[in-house]
Amino acid sequence: MKKVLKFFGIFLGSVVLLIGLFCAYVAITGVPTYDKPNIPEISVEITPARVARGEVIANIQCMECHANNKNQLTGKYLGEVPAIFGKLYSKNITQDKVKGIGNWTDGELIYFLRTGIRRDGSYAPVMPQYPNVSDEDLKSVVAWLRSDRFPVQAVPEEPQSSDLSIVSKLLTHTVMKPLPYPQHMIAPPDSTDPIALGKYTADAVGDCFSCHSGDLVDQNKVHTERTKGYYGGGIEMTGEGGKPVVTANLTFDEETGIARKYSKEQFIKAVKMGVRPDGSILRYPMTPKLALSDQEVGAIYEYLKTVPKIKNDIKQKSTELEIAKK
Ligand code: HEC
Ligand code: HEC
């Protein structure tokens with residue numbers, strides 16, 4: 001018996017030592033860098049239609065994380081990120097050639113938006129990747145970044161650098177990874193098929209699934225529907241004034257699903273205006289997605305009907321959280 005215990009002790013000791021060494025290694029090396037990528041040669045023609053579409057995507061994506069309080073994309077502090085991930089700042093993506101992205105090529109921008117890898121091989125773990133946004137939509141984002149619109153005009157400012165916690169650094173050595181650059185064209189959805197349009201708008205463009213599924217980090221960005229807790233909600237986020245706010249269960253589960261309690265019109269109003277049917281306001285970081293069309297948001301509603309139901313009582317969870325924090 002003693003022998004077994006001793007063996008077990010040594011075993012446990014070695015595991016603890018190994019974990020300790022791994023943490024020390026991670027703390028010293030930080031976020032891993034990758035091989036310098038082969039940047040594709042892409043030259044995006046700036047057309048009014050692309051700038052307009054790019055602006056829609058930018059309004060529900062890029063602006064949220066990169067815009068300062070004057071609506072310029074100078075980068076900012078990301079206060080809604082839970083504290084265990086560290087203090088995170090986005091970057092200046094205005095047309096400034098030094099502080100912004102004025103010197104990036106179109107290919108570099110598209111490569112980065114798909115994979116999370118910059119031209120020098122460095123990896124940006126917190127910046128979302130966009131593997132399923134169509135080629136045409138990504139070109140539209142680039143056209144918008146190059147346009148004469150106010151938010152993207154050069155501003156020579158620089159936000160603070162992010163201070164990633166050891167937890168975040170550990171994640172970049174384990175589950176947070178760059179994505180491969182797609183080998184073939186990513187086509188847009190068939191806009192006459194509400195379910196295809198809904199999935200595309202919710203998962204590829206709106207990134208709704210990443211806040212409304214089971215985990216903020218452990219997600220399948222390419223095959224989004226394989227993400228655990230897909231649209232079952234329940235992630236605790238930091239809302240206005242540091243107050244916790246839990247993401248909603250958007251499945252059509254009979255008891256705990258929220259979307260089911262809405263008519264399509266009410267759902268469109270909630271997502272676009274940020275107001276529930278009873279008049280209450282949706283809290284930050286659920287920001288109104290006014291840029292999306294009624295057709296797109298209605299399509300999300302149709303798509304959510306087809307998503308496997310998940311029983312997850314968010315009301316219960318939010319109440320427990322509020323009691324625990326008191
Ligand atoms: C969830 C927040 C978030 C969203 C949404 C987001 N970004 Fe970012 N972005 C970041 C963060 C944080 C960084 C800095 C990453 C780092 O330093 O590792 C970043 C970095 C970048 C960079 C690299 C800049 C540099 O100098 O290294 C580019 C380019 C960029 N984002 C473009 C975009 C575009 C275009 C969109 C919209 C399609 C977008 N981002 C949406 C958070 C976000
Ligand atoms: C940054 C994270 C985030 C993203 C992205 C996000 N949501 Fe939310 N959503 C939340 C949070 C947090 C709440 C809860 C707000 C509250 O309780 O006040 C919420 C609430 C909702 C509600 C209201 C549920 C209720 O309580 O009545 C709906 C509907 C909704 N989201 C739909 C969407 C759709 C559709 C998208 C994509 C277009 C989306 N959300 C994207 C975080 C997010």
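Ligands are counted one by one from 1 in listed order, and the atoms in each one are counted from 1 as well. Note that these values count all heavy atoms, side chains included, but never hydrogens, waters or copies made by symmetry. In this chain, residues are counted from 1 in sequence order. Remember, predicted model here, so these are calculated numbers, not experimental data.
Under the 4.5 Å side-chain criterion, counting only non-hydrogen atoms from C-beta, Pro159 is not in contact with Lys76. Between Glu254 and Lys309 the shortest side-chain heavy-atom distance falls below 4.5 Å. Side chains of Val44 and Ile110 form a contact here, defined as non-hydrogen atoms less than 4.5 Å apart. Tyr231 places none of its side-chain heavy atoms less than 4.5 Å from the side chain of Asn249. A heavy-atom distance below 4.5 Å is found between the side chains of Thr287 and Glu64. In this structure, Asp135 and Arg114 have side chains that are in contact, with non-hydrogen atoms separated by less than 4.5 Å. Between Val155 and Lys99, every side-chain heavy-atom pair lies at or beyond the 4.5 Å cut-off. Side-chain contact between Tyr200 and Val205 is present, with heavy atoms from C-beta onward closer than 4.5 Å.
Nearest protein heavy-atom contact of atom 29 (C) of ligand 2 is Phe267 CE1, 3.7 Å. The protein heavy atom nearest to atom 14 (C) of ligand 2 is Val246 O, 3.5 Å. Of the protein's non-hydrogen atoms, Arg283 NH2, 2.9 Å is the one closest to atom 17 (O) of ligand 2. From the protein, the heavy atom lying nearest to atom 12 (C) of ligand 1 is Tyr89 O, 3.5 Å. Counting only heavy atoms of the protein, atom 26 (O) of ligand 2 lies nearest to Arg276 NE, 3.0 Å. Looking at atom 27 (O) of ligand 2, its nearest protein heavy atom turns out to be Tyr262 OH, 2.3 Å. Given atom 41 (C) of ligand 1, the protein heavy atom at minimum distance is Tyr130 OH, 3.5 Å.
In terms of the ring pair (Phe, Tyr, Trp, His ring centres under 6.0 Å) criterion, Tyr284 has no residue partners (sequence neighbours excluded).
By the 4.0 Å N-to-carboxylate-O rule, Glu296 lies too far from Lys289 to be salt-bridged with it.
Put simply, no part of Ile57 is less than 4.0 Å from ligand 1, judged by heavy atoms.
Using a 4.0 Å cut-off to heavy atoms of Arg118, the atoms of ligand 1 that qualify are 15 (C), 16 (C), 17 (O), 18 (O), 25 (C), 27 (O). Numbered from 1 in the order shown, with element, the atoms of ligand 1 that lie under 4.0 Å from a heavy atom of Gln61 read 5 (C), 37 (C). Against a heavy-atom cut-off of under 4.0 Å, Phe112 is close to the following atoms of ligand 1: 21 (C), 22 (C), 23 (C), 28 (C), 29 (C), 30 (C), 31 (N). Taking every heavy atom of Val245 and a limit of under 4.0 angstrom, the matching atoms of ligand 2 come to 12 (C), 14 (C), 15 (C), 16 (C), 17 (O). Set against the non-hydrogen atoms of Leu78, the atoms of ligand 1 under 4.0 Å away are 12 (C).
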Query - Steps toward salt bridge (Lys or Arg N to Asp or Glu O under 4.0 Å) verdict (Glu136, Lys139) - result: CA-CA 5 Å; Glu136 179 52 33; Lys139 286 183 181 165; 5.3 Å; no

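Using a 3.5 Å distance cut-off with no hydrogens or angles, the side chains of Thr251 and Asp253 do not pair a donor with an acceptor.
Looking only at protein N/O/S atoms, the ones less than 2.8 Å from atom 8 (Fe) of ligand 1 make 2 in total.
Aromatic ring pairs are classed by plane angle as parallel below 30°, tilted from 30° to 60° and perpendicular above 60°; the pair Tyr77 and Tyr89 is tilted. Between Tyr301 and Phe267, the angle of the ring planes lies from 30° to 60°, which puts this pair in the tilted group.
Residue pairs that meet the salt bridge (Lys or Arg N to Asp or Glu O under 4.0 Å) test with at least one member in residues 20-47, sequence neighbours left out, do not exist here.
For an aromatic pair to be called close, the ring centres must be under 6.0 Å apart, and Tyr123 with Phe112 fails this.
Ligand 2 has no N or O atom lying under 3.5 Å from any N or O atom of Asp207, backbone or side chain.
Around atom 8 (Fe) of ligand 2, protein N, O or S atoms at less than 2.8 Å comprise His212 NE2, Met286 SD.
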